[in-house]
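Letters A, B, ... mirror the listed sequences (proteins, then strands); counts begin at 1. None of the values given here were measured: they were computed from a predicted structure.
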Amino acid sequence: MRGLLMVVVAIVVGCSASTSEPQGPERPEAAYLGPVGGPDLMHFREVYHFDNLGEMIATSQAVIVGKVRAVEQGRVVTYDGGDTLTFTNVSIDVDEQLAGAPTGDHVTVELDDRFTGYAGTPQPKWLDADQTVLLFLTDEVPSATAYQPLNVQSIYRVDAGARVVSTNPEEHDDLSQQLGRMTFRELRDSVLALRARVEAGEIKPQRAGPPSTE
Amino acid sequence: MRRTFWSCVVATLLAILPVQSVIATNLMGHRAGYDQYVTVSKMFLTSQMAWAVDFNVSQNWNPTDINSSGFVWVNDSGTESDVYDANYSGTWSGKWTCLDFDWSVCKTAKVQINLTYGPYTDLQATSLVCEEMGHAVGLAHREVNYSSCMKRPVCWECSFLATHDTDHLDAIY
């Protein structure tokens with residue numbers, strides 16, 4: 001019942017906005033996991049899932065704030081049987097490093113289709129040129145040639161009102177929703193505050209993949 | 001302005017209500033192929049993953065109205081569930097992608113099992129294959145506390161679909 005009420009409220013608010021604001025082409029926040037308007041046609045089991053910000057910081061090799069400079073096709077890797085993975089490279093000018101080892105003024109982040117979307121769908125808004133983003137990155141992915149995002153919880157856009165917007169295509173994720181309600185200043189300060197606890201070893205990184213059975 | 005507003009509300013409600021009933025299930029809105037025979041290809045799989053695919057077909061699919069007996073090919077791509085495994089470069093363990101979609105039917109799809117984060121126990125391998133092949137036949141994740149490979153957060157000890165999932169498969173095949 002509460003869910004239905006929220007749907008109705010959301011529709012009323014949305015329709016109120018639609019009758020008073022000019023319409024224009026909009027980029028989606030999250031990667032489409034299927035054709036626009038159709039069902040999801042891509043799903044995945046990720047090697048990380050975070051319930052709290054501290055663990056995501058501890059698992060990152062770099063947490064950065066920066067601006068998107070360029071997006072271009074990256075490497076295409078062919079595996080046995082002809083299966084391929086195609087990456088997209090994003091060039092980012094680093095404005096501030098919030099945690100992790102120094103990256104320098106510029107980083108390249110490579111993305112697979114979890115982050116860019118199903119073939120032919122619109123590019124997510126966070127990949128627009130000059131967009132400010134806050135990223136939790138890893139450089140420990142075997143055979144990767146650049147940083148990669150930790151998972152779909154690890155990419156946030158900063159909008160014109162200095163608010164944080166989650167780009168997670170998976171719905172109902174508590175951490176993404178929690179961070180997506182923050183202002184940029186609040187999230188930045190939270191990362192900096194938790195960084196000390198990570199560096200002190202109070203918060204441990206998450207292990208990638210299934211739990212060890214040893 | 002007022003008429004436009006209420007038209008928008010009514011139209012949106014009419015459009016959303018049927019969708020809400022689908023979201024309440026963990027069906028994604030597609031099925032694999034046009035009939036109940038779901039084809040699978042085991043593409044250069046390691047022996048463990050080939051076994052996990054056979055396990056999933058016999059233990060999870062065939063007890064439902066899906067019929068996949070005798071429809072598993074080896075190294076023949078273009079099926080409704082081409083399964084590959086490799087040391088992929090990415091922070092994921094398994095992935096399903098529909099490659100050829102026709103309205104509510106996925107005609108060709110691939111399942112990728114990432115060996116980078118292994119070795120997997122047999123239980124973990126069957127859990128992973130069960131989930132990705134579950135997507136292939138139309139199941140989504142389900143964020144409730146139940147014993148199923150489709151569960152979120154991930155259940156690495158779950159090698160089987162739950163009755164909730166198999167009831168859905170019976171309904172669409």
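The stretch residues 149-159 of chain A places A:P149, A:L150, A:N151 near chain B, each with some heavy atom under 4.5 Å from a heavy atom of that chain. Within residues 38-64 of chain A, the residues having any heavy atom under 4.5 Å from a heavy atom of chain B are, by residue number, A:P39, A:D40, A:L41, A:M42, A:H43, A:F44, A:R45, A:E46, A:V47, A:Y48.
Qualifying side chain to side chain donor-acceptor pair (under 3.5 Å) partners for A:T116, counting only residues two or more places apart in sequence or in other chains: none. Remark: A:Q73 pairs with A:V76, A:T86 by the side chain to side chain contact (heavy atoms under 4.5 Å, CB included) rule, at least two apart or across chains.
The 12-atom threshold is not exceeded at CG of A:D174, counting heavy atoms of other residues, nucleotides or ligands nearer than 6.0 Å. Crowding of B:Y37 atom OH: a count of heavy atoms from other residues, nucleotides or ligands under 6.0 Å not exceeding 12.
Shown here for A:D112 and B:G90, the closest heavy-atom pair between the two residues is OD2-CA, 4.4 Å. Residues B:Q112 and A:T84 approach most closely at NE2-O, 4.0 Å, considering heavy atoms. A pairwise comparison of heavy atoms in B:S89 and A:Y79 identifies N-OH, 3.5 Å as the closest pair.
Neither the backbone nor the side chain of A:E140 comes within contact range of chain B; no heavy atoms are under 4.5 Å apart. Heavy atoms closer than 4.5 Å to chain A are found in the side chain of B:T121, but not in its backbone. Residue contact with chain A, scored on non-hydrogen atoms closer than 4.5 Å, involves the backbone and the side chain of B:L128 alike. At a 4.5 Å heavy-atom cutoff, the contact between B:N87 and chain A is made by backbone atoms alone. Residue contact with chain B, scored on non-hydrogen atoms closer than 4.5 Å, is absent for A:T145. Neither the backbone nor the side chain of B:S77 comes within contact range of chain A; no heavy atoms are under 4.5 Å apart. Within the 4.5 angstrom heavy-atom criterion, no atom of A:R207 approaches chain B.
Side-chain polar atoms of A:D83 and B:Y88 form a donor-acceptor pair below 3.5 angstrom.
Interface remark: of the candidates B:R152, B:E131, B:K110, B:E131 forms the most heavy-atom pairs closer than 4.5 Å to chain A. Interface summary for chain A: among B:W156, B:Y84, B:F44, B:Y117, the most heavy-atom pairs under 4.5 angstrom belong to B:W156.
A 4.5 Å side-chain heavy-atom check between B:M43 and A:D80 finds every atom pair outside the cut-off.
At distances below 3.5 Å, at least one donor-acceptor pair connects side-chain atoms of A:R114 with backbone N or O atoms of B:T91. Although no hydrogens or angles enter the test, the distance criterion places a donor-acceptor pair under 3.5 Å between the side chain of B:Q124 and the main chain of A:P211. A donor-acceptor pair is defined here as one N or O able to donate and one able to accept, closer than 3.5 Å; no such pair exists between the side chain of B:Y120 and the backbone of A:P210.
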